[in-house]
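To find a chain, count down the sequence lines: A is the first, B the second, and so on, and within it residues start at 1.
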Amino acid sequence: MLQIAAIRENKEAFAQALTKRNIDAMPMLEQAIEVDERRRSLQAQLDETLSQSNKLSKQIGELFKSGKAQEANELKAQTGELKESSKNLAEQLQTAQNDLQELLYNIPNVPQESVPAGSTDEDNEVVEEHGAVPVLDEQAQPHWELVKKYDIIDFELGNKITGAGFPVYKNKGARLQRALINYFLDKNTAAGYQEMQVPHLVNEASGYGTGQLPDKEGQMYHVGNDDLYLIPTAEVPITNLYRGDLLEEKDLPIAMTGYTPCFRREAGSYGAHVRGLNRLHQFDKVEILRIEHPDKSDQALDDMVSHVKNILDELKLPYRILRLCGGDLGFTSTLTYDFEVYSTAQEKWLEVSSVSNFKTFQANRLKLRYRAGEKQTELLHTLNGSALALPRIMAGILENYQTADGIKIPEVLVPYCGFDMIQ
RNA sequence: AGUGAGGUGGCCGAGUGGUCGAAGGCGCACGCCUGGAAAGUGUGUAAACGGCAAAACCGUUUCGAGGGUUCGAAUCCCUUCCUCACUGCCA
């Protein structure tokens, strides 16, 4: 959520920056400013009214104490009107606040200078490409065939017990999955990220805090009996650990990592691109998150990108880094780098990580601030990224490391797996 | 799940209708004292919103959350969430 005070000061700059998202934000911005003016005027009126009735109440109290009951009762008669109008003003103020919030909820975050123009994923800018694409022999297969051949992932079984998009990992597949989680967590903690194990269900307030609610309600599984949501990413519980906090500069930066399963309804996704591990309702992911001083978040994003690069380099997977264009940029982000691994057998790039700087957009919803001076608090910056999402890494390994004799295990994972081949 | 007791500032804790943003203590900050420190001592010590572009200052709100009673609520009533203890169940 953007800050209304900042919009008020320079709406042109906001509108200009938002053209990168191919929207004309000016009408929304102006409407927000208008509602905000209404809100402030109502606030002032209400305060004045309440102030008057507080004064009267005090007088009445004093009169009663000194035994002047009659005078007190006369004053009492005057309070009715004030009460009426304060009630009235309070209602109007509430409406104005709700209106303003709704408007602000619908304005996306402002893209950074470096975000390329464009409308679809075709316009994303390839900033780096690493690793050699292996040459596979003729019998090379996509991962959904390989997992059957080696009996390591069973989609049918998942179908039976739950439904489509809930695979069952078996044998060396399960072990490889566990190895990846441990490997990622070890890499992240070694880089200074504090490991967190958090609940996989969150309440409504947390959903609002990170921006899944109200707009993406349909993407989350909702547990009606208890009014809780299954997390779509560890970002939600981990970021919300700091919801409402006021930090000291010495506490910064805060860097956390956590492994969780992620649950996504993915309503409306069908077809070939959701085949196999490409898109699931439940998948595993290890996430990294940072809470940063506003001056340091740009550097932090670069550091996170380097960190993810380092992991992919170690896994020796061919990958590229994209800078998302304005049209593809997530609602809450100012700048996002996507990492894609090349799946040789599918001849396709698979997104395995997305690293973003949200600046104050989430912090504003979360009310996550730091003490910036004696009498001053300011919003912090939040960032997060996947390090990494499991299924497509798994797909990438299976497909790129396949040989006629079986699937080789990347060297760095061998100690974690306890074997070096899936045969 | 049942019964009982609770939820007050960074922390502990007092406060059952008015002068309570809230005693007292701890902690923290600054000063005095000291060769330096400890001890002692003095002062200060919440946030949000508005007036306002900012400071000073002023106003409003906030005692788990939401509603209600009242001229006036931390205090009374209702709803709800959470914590603790005992009982039940259970990995």
Colleague: Using side chain to side chain contact (heavy atoms under 4.5 Å, CB included) as the criterion, point out the one residue from A/L180, A/T260, A/N182, A/N188 that pairs with A/V286.
Modeller: A/N188
Colleague: Taking OP1 and OP2 of B/rA46, is either one under 4.0 Å from a side-chain nitrogen or oxygen of A/R371?
Modeller: no
Colleague: Should B/rA53 form a Watson-Crick or G-U wobble pair with both distances under 3.5 Å, which nucleotide is its partner?
Modeller: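 WC or wobble partner does not exist here.
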Colleague: Counting only side-chain N and O atoms of A/R40, is one of them less than 4.0 Å from OP1 or OP2 of B/rC49?
Modeller: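 So the side-chain polar atoms of A/R40 never come under 4.0 Å of the phosphate oxygens OP1 or OP2 of B/rC49.
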Colleague: May I ask which nucleotide in the shown strands pairs with B/rC86, Watson-Crick or G-U wobble, both distances under 3.5 Å?
Modeller: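 B/rG2 - that is the nucleotide pairing with B/rC86, both distances being under 3.5 Å.
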Colleague: Mapping A/A44 and A/D47 onto RNA chain B by nearest heavy atom, which one lands closer to the 5' end?
Modeller: A/A44
Colleague: When both hydrogen-bonding distances must be under 3.5 Å and the geometry is Watson-Crick or G-U wobble, what is B/rU60 paired with, if anything?
Modeller: B/rA48
Colleague: Once you apply the 3.5 Å cut-off to both distances, tell me the Watson-Crick or G-U wobble partner of B/rU43, or none.
Modeller: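 Looking at the geometry, B/rU43 pairs with B/rA29.
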Colleague: Would you call A/D303 and A/R290 a salt bridge, taking side-chain N to carboxylate O under 4.0 Å as the test?
Modeller: no
Colleague: Please determine if a side-chain N or O atom of A/N54 lies less than 4.0 Å away from the OP1 or OP2 oxygen of B/rC71.
Modeller: no
Colleague: Less than 4.0 angstrom between a side-chain N/O of A/T79 and OP1 or OP2 of B/rG72, yes or no?
Modeller: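 So the side chain of A/T79 is outside the cut-off, no N or O lying under 4.0 Å from OP1 or OP2 of B/rG72.
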Colleague: For the P atoms, the ones on B/rA74 and on B/rG2, what distance do you get once it is rounded to whole angstrom?
Modeller: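 That atom pair is separated by 31 Å.
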Colleague: OP1 or OP2 of B/rC71 sitting under 4.0 Å from any side-chain N/O of A/K55?
Modeller: no
Colleague: If B/rC76 has a Watson-Crick or G-U wobble mate with both distances under 3.5 Å, name it; if not, just say none.
Modeller: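 Pairing partner: B/rG68.
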Colleague: For A/N109 and A/S333: C-alpha separation, side-chain torsions, deciding distance, then whether side-chain hydrogen bond (donor to acceptor under 3.5 Å, both in side chains) applies.
Modeller: CA-CA 6 Å; A/N109 204 356; A/S333 180; over 6 Å; no
Colleague: Using the closest heavy atom to pick a nucleotide of RNA chain B for each, name whichever of A/Q43 or A/Q52 lands nearer the 5' end.
Modeller: A/Q43
Colleague: More than 12 non-hydrogen atoms from neighbouring residues, nucleotides or ligands closer than 6.0 Å to CD on A/Q70, yes or no?
Modeller: no
Colleague: Does a side-chain N or O from A/R39 land closer than 4.0 Å to OP1 or OP2 of B/rC49, or not?
Modeller: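 No, no such contact exists.
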